[in-house]
Amino acid sequence: MKNSFLIYTDYLEHIELLTMEQRGVLLTAIMYYSTGIDLPEMDGMTKMAFSFIKSQMDRDTTRYEKTVEARSQAGRKGGRPKSEKANAFSEKQEKAKKANAFSEKQMKAKKPDNDNVTVTDNDNEKEKDNGINAVCPEANKFSPAPVIEIVLNDGSNYQVSETDYAYYMQLYPAVDIMSELRKMAGWCYSNAKNRKTRRGIQRFINSWLSREQDRCKSPVAENKSPEQTKTNKFNNFQQRNYDFSSLEAKLLGGDNSGRKTE
């Protein structure tokens with residue numbers, strides 16, 4: 001059983017939604033799960049964030065176990081006695097290495113001090129790619145496909161992953177998440193001065209969806225038609241139309257034209 005686990009910076013977008021107390025409970029749950037201890041009590045938000053981290057931990061553990069098994073098998077094969085052909089091949093390799101080392105020394109002695117080496121852009125790009133793959137060879141394999149992209153203030157795009165989309169659907173069940181994400185993308189595209197930073201885009205998305213969730217829970221009364229208005233015992237009859245000018249004239253003792261009668 002290994003005594004360590006990996007922490008990814010991608011977890012930050014989920015952790016930022018939690019309070020400091022919830023973050024402490026989340027870290028405790030991660031440590032407990034890694035060591036096989038029963039998990040502590042967690043509320044809904046903390047449990048949701050832990051579920052995404054737990055899935056990645058399970059994938060890392062599976063890869064680790066496969067690596068250990070492969071190395072174990074390679075070690076068992078390497079412990080067997082070598083055949084005569086293998087020994088002869090290794091001797092040829094040693095001779096070839098010595099010959100190459102001698103020729104390299106000769107080439108270095110012949111080269112002038114002002115010899116320049118040209119490095120092309122393609123070589124630099126290959127080295128960068130190799131460096132990225134060496135640090136995290138599984139990075140492209142497990143990165144989720146983006147659902148939509150939102151332009152940021154620096155001109156780059158923020159990708160909303162399928163994991164984020166599923167997370168928003170559970171947090172805001174009354175909201176059409178895809179429709180609102182399209183509105184956000186259109187708003188940021190049209191309002192270049194008010195575009196968000198990469199650190200602030202998550203807060204922007206959650207604030208937008210939270211407002212829509214509250215709006216869906218409390219329908220606006222002004223949108224109701226008069227026929228939908230409920231009646232009660234003080235408003236359960238049809239109103240009559242009166243000529244108030246004529247009634248006023250009669251009360252004052254006049255005729256319909258407003259003149260008093262003798």
Side-chain angles (χ1 to χ4, degrees), residues 6-27 29-30 42-60 128-129 132 136 138-230:
L6 296 175
I7 293 291
Y8 297 89
T9 55
D10 292 340
Y11 297 163
L12 181 61
E13 60 186 14
H14 303 298
I15 295 175
E16 284 183 336
L17 302 176
L18 305 178
T19 63
M20 297 304 294
E21 181 179 357
Q22 289 172 326
R23 294 176 188 181
V25 175
L26 176 62
L27 178 60
I30 294 172
M42 292 180 284
D43 57 17
M45 288 288 293
T46 308
K47 190 177 295 184
M48 180 71 65
F50 174 75
S51 65
F52 292 109
I53 297 175
K54 173 181 173 294
S55 300
Q56 185 61 51
M57 291 177 67
D58 292 339
R59 290 194 291 268
D60 292 341
K128 290 180 181 179
D129 294 339
I132 294 173
C136 186
E138 301 293 336
N140 295 328
K141 184 176 180 181
F142 295 102
S143 54
V147 175
I148 196 171
E149 293 184 350
I150 301 176
V151 64
L152 302 177
N153 64 338
D154 60 357
S156 63
N157 289 328
Y158 174 77
Q159 296 182 344
V160 180
S161 65
E162 292 181 356
T163 303
D164 295 334
Y165 180 74
Y167 187 49
Y168 295 144
M169 289 186 66
Q170 296 187 27
L171 285 180
Y172 310 105
V175 179
D176 184 350
I177 302 298
M178 195 66 238
S179 176
E180 296 304 323
L181 288 174
R182 291 194 183 100
K183 292 179 184 178
M184 295 178 214
W187 187 91
C188 290
Y189 179 80
S190 302
N191 295 273
K193 293 183 179 180
N194 297 323
R195 291 173 184 170
K196 307 304 174 184
T197 62
R198 189 164 293 277
R199 285 185 61 86
I201 187 63
Q202 276 284 335
R203 187 174 302 170
F204 168 72
I205 294 174
N206 279 283
S207 299
W208 184 301
L209 295 177
S210 179
R211 287 194 302 270
E212 289 300 319
Q213 175 77 8
D214 295 339
R215 190 177 302 173
C216 292
K217 285 183 178 180
S218 56
V220 182
E222 287 79 4
N223 292 335
K224 292 184 177 180
S225 61
E227 291 78 7
Q228 294 175 330
T229 305
K230 293 184 178 180

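Excluded from the calculations below are hydrogen atoms, water molecules and symmetry mates; all remaining heavy atoms, backbone and side chain alike, are included.
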Please name the pair of heavy atoms, one in [X] and one in [Y], separated by the smallest distance, quoted to 0.1 Å.
X      : Y      : result
Ala185 : Glu149 : CB-O, 3.9 Å
Gln159 : Pro146 : CB-CB, 3.7 Å
Ile177 : Tyr168 : CD1-O, 3.7 Å
Ala174 : Cys216 : O-SG, 3.5 Å

Does the side chain of [X] reach to within under 4.5 Å of the side chain of [Y], using non-hydrogen atoms?
X      : Y      : value
Ile148 : Met178 : yes
Tyr172 : Asn206 : yes
Met57  : Ile30  : yes
Arg59  : Ser55  : yes
Thr163 : Asp10  : no
Gln56  : Ile53  : no

Examine distances only and state if a side-chain atom of Ser207 and a backbone atom of Phe204 form a donor-acceptor pair shorter than 3.5 Å.
no
Run the side-chain contact (heavy atoms from CB on, under 4.5 Å) test against Arg198 and tell me which residues pass, sequence neighbours left out.
Leu152, Ser156, Tyr158
Compute whether any side-chain donor of one residue and acceptor of the other, for Asp164 and Ser161, lie under 3.5 angstrom apart.
yes
Contact list for residues 173-189, test side chain to side chain donor-acceptor pair (under 3.5 Å), sequence neighbours left out
Glu180-Lys183, Glu180-Trp208
Between Asp154 and Arg195, does a side chain to side chain contact (heavy atoms under 4.5 Å, CB included) hold up when you go through it step by step?
CA-CA 9 Å; Asp154 60 357; Arg195 291 173 184 170; over 6 Å; no
Decide yes or no on ring-ring contact (aromatic ring centres under 6.0 Å, His included) for Tyr11 and Tyr8, but give the supporting numbers first.
CA-CA 6 Å; Tyr11 297 163; Tyr8 297 89; 5.7 Å; yes
So for atom NZ, which belongs to Lys47, do other residues, nucleotides or ligands contribute more than 12 heavy atoms lying within a distance under 6.0 Å?
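At most 12 heavy atoms, drawn from other residues, nucleotides or ligands, come within 6.0 Å of this atom.
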Please assess Met184 against Leu209 for the test side chain to side chain contact (heavy atoms under 4.5 Å, CB included), listing each intermediate value before the final yes or no.
CA-CA 10 Å; Met184 295 178 214; Leu209 295 177; 3.7 Å; yes
Taking distance alone, no hydrogens or angles, what donor-acceptor pairs closer than 3.5 Å link side-chain atoms of residues 16-27 to residues at least two apart or in another chain?
{"unit_1": "Thr19", "atom_1": "OG1", "unit_2": "Gln22", "atom_2": "N", "d": "3.3"}
{"unit_1": "Thr19", "atom_1": "OG1", "unit_2": "Gln22", "atom_2": "OE1", "d": "3.4"}
{"unit_1": "Gln22", "atom_1": "OE1", "unit_2": "Thr19", "atom_2": "N", "d": "2.9"}
{"unit_1": "Gln22", "atom_1": "NE2", "unit_2": "Asp43", "atom_2": "OD2", "d": "2.7"}
{"unit_1": "Arg23", "atom_1": "NE", "unit_2": "Ile15", "atom_2": "O", "d": "3.1"}
{"unit_1": "Arg23", "atom_1": "NE", "unit_2": "Leu18", "atom_2": "O", "d": "3.2"}
{"unit_1": "Arg23", "atom_1": "NH2", "unit_2": "Leu18", "atom_2": "O", "d": "3.4"}

